Amino acid sequence: MGFDPVSGVGLATLWLVGGCCFFTASALPLCLNLEAPVPIKYPLEFCSDFGYRTGCCDSQLDKQLNIRFNSMNITSQICSEYIKEILCAQCDAFAAELHGPHDTKSSPNLCNSNASSVHESKGYCSDVWDACRNVSITDSPFSPHLLNSAPSHPRLSANNDTLSAQWPSRRDFCAAFAPPASDPYNASFCFDGGPYQFQSEKQDTAPKGICLQKVELGAYINMIPHPDGSNRVFLASQSGKVWLATLPEKGSSNPITLNESAPYLDISNLVVDNEEFGFLALAFHPNFLQNGRLFVSFNCDKTIWADCAGKCSCTSDALKISSKEVRRIFTLELPYVSHHAGQILFGPKDAYLYFMLGDGGGTGDPFNFAQNNKSLLGKILRLDVDNMPTTEEIANLGLWGNYTIPDTNPFKNERLARPEIWALGFRNPWRCSFDSLKPLYFYCADVGQETYEEVNLVTKGGNYGWRVFEGPNLYNPPASPGGNTTESSILPIFPILGYYHNQVDPKQGASAIIGGYVSRSEQDPCIYGRYLYADLYGSVMWAGLEFPPGSGNYSATTINFTCSASSHFPCEFVGNSTIPKFQYIFSWGQDNDRNLYILSNGGIFKVISPAACDFTCKKSLPSQFQPNSAPVPTRSSTAISSHASRSASLSILSSNTSFMLGLIIWAWLM
């Protein structure tokens with residue numbers, strides 16, 4: 001299916017209101033730069049003794065580590081061997097985990113047998129102390145000054161670079177560089193002198209089933225918790241209306257309450273609502289409670305609405321909708337009528353805006369947009385929407401709107417790639433989410449073409465394969481007017497989870513994955529820590545589990561589900577089965593208590609205690625479980641307010657197509 005400039009089919013808009021034979025990169029873990037580890041193509045020289053075959057070192061980093069080691073001027077052979085091991089830990093495929101959660105990246109977490117009483121313990125950290133305590137180490141990775149909060153004590157010496165001069169005792173030293181036993185997850189990631197190896201653990205048994213409660217009759221495509229931490233959520237329809245709704249109290253079977261006649265936001269007159277078109281997503285700025293900025297993403301048609309064409313909403317001619325100022329952040333024209341994706345999320349750690357874009361449609365991505373780094377289609381973008389660009393910056397960088405590029409974007413300084421790109425190789429990412437407990441885990445479900453639906457764990461600069469691969473399999477496109485990318489020219493990161501179409505319905509063969517969340521709710525301990533996802537047609541759900549934790553190794557089980565008889569709205573079922581009649585599942589939702597919801601054409605269903613559906617669960621919540629609290633902004637609002645009034649002219653791609661994808665900022669105050 002190609003362009004249709006007459007009918008104008010195919011535009012989305014974003015707004016802000018206020019395989020075995022090929023080398024593959026690992027899905028997890030991560031390098032220190034938060035990119036995925038890759039096969040080490042050339043033998044390392046300095047770090048050659050440690051057997052790193054897939055990891056985070058290339059010849060350049062290996063040389064840099066060698067230079068740093070030589071500059072340390074270590075006179076003790078035993079101590080020097082320990083320091084070399086510690087420096088080369090940067091090559092480990094688990095480097096990011098090994099070097100966290102300390103304030104410094106100079107040293108990995110050092111294993112110790114009992115970090116809670118390190119003055120009596122023996123382990124790798126203690127061995128390092130014993131070997132190096134009286135050895136001078138220039139530019140030591142263990143200097144207290146490298147920590148954000150350097151300890152203060154009488155023996156701290158700026159003129160003596162031995163460990164004993166900088167740390168009062170082995171206990172103090174290992175308290176700083178060994179992971180605390182009180183944090184079991186991080187304590188499991190520690191360095192003992194060689195490549196990280198997971199310890200064998202007993203895997204939890206699969207949950208017996210998920211119990212659902214029907215809490216709303218309407219069909220919605222988005223549920224976003226209110227940023228104030230209350231039991232309120234925002235519900236969005238595909239037509240372009242957003243409602244502020246109140247959830248029932250904990251343990252109640254009451255329904256969601258909202259005033260359907262009084263939407264919080266109504267832009268339905270601007271939204272094209274038809275099958276894959278419509279209102280796509282909304283997201284609140286991390287400092288929403290201070291700046292009132294709400295972002296929305298939707299399809300529009302410039303033949304119906306002139307401002308859909310991408311004219312910049314500058315200070316002098318900012319759009320006015322319901323007496324609120326709207327600023328366009330991003331506008332992109334679309335080649336086909338499908339695969340727009342369009343979800344927007346703010347990163348929980350960096351507060352940048354992540355924007356999911358499909359390949360633009362057409363069978364098999366005929367123009368190979370997903371693998372072309374000069375195109376934004378088939379990508380996940382990462383944008384700074386707090387610092388508005390100047391006219392010169394927009395022109396020099398060829399920006400598509402009012403945003404700037406974060407310095408840590410992987411392609412910012414590459415001439416032949418768009419600097420907005422965070423990851424590539426997607427067909428139609430439909431619903432992504434960050435794990436609320438482990439925010440470096442960024443899950444994205446990607447809708448497949450003919451055979452396979454997948455879940456990816458997205459990392460900085462990662463290539464997720466489409467259209468060279470569909471899931472784990474090579475894909476042969478029916479047409480390639482835009483050229484091909486060969487499998488030998490990329491390092492694809494294969495899915496962590498997925499399913500074949502014939503696993504859902506062997507007769508129909510059609511499927512579309514609906515990505516969900518890692519469950520962190522207290523409602524059902526048996527699904528805690530598992531990533532839940534479903535198929536569009538609502539007949540199958542899966543629970544995916546990483547095991548051992550942090551390994552990047554995932555397995556999934558299909559999971560039973562049914563509807564509680566105590567639901568306020570009686571549940572309808574498919575035929576004589578116990579499967580609720582969803583018709584179609586559109587999305588998953590989450591509230592401020594991390595309770596999960598299924599948004600479907602048949603209403604909204606809340607995940608509740610399995611006992612309400614007679615499913616047994618003998619598992620308890622983790623001992624460190626704590627109920628969620630109101631979100632705390634992760635970036636200063638000072639920079640935001642100082643740039644809030646700035647705007648610039650918008651550079652857009654010229655085309656005769658009627659549809660576009662754009663993002664507009666609307667200053668909306670509660």
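Quick caveat, the model's predicted, so the values are computed rather than measured.
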Between [X] (side chain) and [Y] (backbone), is there a donor-acceptor pair under 3.5 Å?
X      : Y      : result
Glu470 : Thr451 : yes
Asp535 : Ala512 : yes
Lys379 : Arg418 : no
Asn409 : Pro419 : yes
Asn134 : Thr162 : no
Gln503 : Tyr500 : yes
Ser164 : Arg133 : yes
Lys84  : Phe46  : yes
Asp92  : Gln90  : no
Glu454 : Gly498 : no

Next on the checklist: Please determine whether disulfide bond (SG atoms under 2.5 Å apart) holds for the pair Cys47 and Cys91, giving the CA-CA distance in whole Å, both sets of side-chain angles, and the decisive distance to 0.1 Å.
Outcome noted: CA-CA 8 Å; Cys47 296; Cys91 300; 3.9 Å; no
How long is the span from the [atom1] atom in [X] to the [atom2] atom in [Y], to the nearest 0.5 Å?
X      : Y      : atom1 : atom2 : answer
Tyr52  : Cys88  : OH    : SG    : 6.5 Å
Asp130 : Arg170 : CG    : CZ    : 5.5 Å
Ile496 : Asn553 : CD1   : CG    : 10.5 Å
Phe434 : Tyr441 : CZ    : OH    : 14.0 Å
Cys56  : Asn33  : SG    : CG    : 7.0 Å
Ile137 : Ile83  : CD1   : CD1   : 4.0 Å

In terms of relative ring orientation, are [X] and [Y] parallel, tilted or perpendicular, with 30° and 60° separating the classes?
X      : Y      : value
Tyr533 : Trp542 : parallel
Tyr354 : Phe442 : perpendicular
Tyr475 : Trp466 : tilted

What is the minimum heavy-atom distance between [X] and [Y], and which atoms define it?
X      : Y      : result
Leu440 : Lys349 : CD2-CD, 4.1 Å
Ala95  : Leu32  : O-CD2, 3.7 Å
Pro429 : Ala341 : O-CB, 3.4 Å
Ile78  : Ala131 : CG2-CB, 3.8 Å
Tyr464 : Val458 : OH-CA, 3.1 Å
Leu163 : Ser140 : CD2-OG, 4.5 Å

Flag side-chain contact, heavy atom, 4.5 Å: [X] against [Y]:
X      : Y      : value
Gln64  : Arg68  : no
Ile86  : Tyr124 : yes
Asn109 : Leu98  : no
Ile493 : Asn456 : no
Asn66  : Asp62  : no
Tyr528 : Pro622 : yes
Asn484 : Arg467 : yes
Lys619 : Cys526 : yes

Checklist entry - Between Glu35 and Thr459, does a side chain to side chain contact (heavy atoms under 4.5 Å, CB included) hold up when you go through it step by step? => result CA-CA 6 Å; Glu35 294 184 9; Thr459 55; 5.9 Å; no
Checklist entry - Could you go step by step and tell me if Leu437 and Val518 meet the side chain to side chain contact (heavy atoms under 4.5 Å, CB included) rule? => result CA-CA 9 Å; Leu437 184 64; Val518 174; over 6 Å; no
Item to check | Cys174/Cys125 under disulfide bond (SG atoms under 2.5 Å apart): CA gap, chis, key distance, verdict | outcome: CA-CA 6 Å; Cys174 289; Cys125 184; 2.2 Å; yes
Take atom [atom1] of [X] as the centre, draw a 6.0 Å sphere, and report whether it contains more than 12 heavy atoms from other residues, nucleotides or ligands.
X      : atom1 : answer
Glu414 : CD    : yes
Asn70  : CG    : yes
Lys63  : NZ    : no

Checklist entry - Ring centroid separation for Trp167 and Phe177, is it under 6.0 angstrom? => result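 Yes, close enough.
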Item to check | Aromatic ring proximity Tyr554/Tyr531, centre distance under 6.0 Å | outcome: no
Next on the checklist: Applying salt bridge (Lys or Arg N to Asp or Glu O under 4.0 Å) to Asp365 and Arg427, what does each step give before you reach the verdict?
Outcome noted: CA-CA 8 Å; Asp365 187 12; Arg427 182 177 178 270; over 6 Å; no
Checklist entry - Hey, mind stepping through Phe50 and Leu44 against side chain to side chain contact (heavy atoms under 4.5 Å, CB included) and telling me if it holds? => result CA-CA 10 Å; Phe50 308 111; Leu44 303 177; over 6 Å; no
Next on the checklist: Is a donor from one side chain sitting under 3.5 angstrom from an acceptor on the other, for Ser136 and Asn73?
Outcome noted: no
Next on the checklist: For a quick check under 3.5 Å, do Arg520 and Ser436 share a side-chain donor-acceptor pair by atom type?
Outcome noted: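 The answer is no; no qualifying pair exists.
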Checklist entry - Honestly, is Arg382 close enough over Phe355, meaning NZ or CZ under 6.0 Å from the six-membered ring centre and within 45° of the axis? => result no
Checklist entry - Where do Cys432 and Cys444 land on the disulfide bond (SG atoms under 2.5 Å apart) test, with the steps shown first? => result CA-CA 4 Å; Cys432 305; Cys444 275; 2.1 Å; yes
Checklist entry - Which of these, Asn463, Thr486, Asp359, sits in a side chain to side chain donor-acceptor pair (under 3.5 Å) with Gln371? => result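 Checked Asn463, Thr486, Asp359 against Gln371; only one passes side chain to side chain donor-acceptor pair (under 3.5 Å): Asn463.
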Checklist entry - Hey, mind stepping through Glu453 and Val447 against side chain to side chain contact (heavy atoms under 4.5 Å, CB included) and telling me if it holds? => result CA-CA 5 Å; Glu453 306 295 309; Val447 178; 3.7 Å; yes
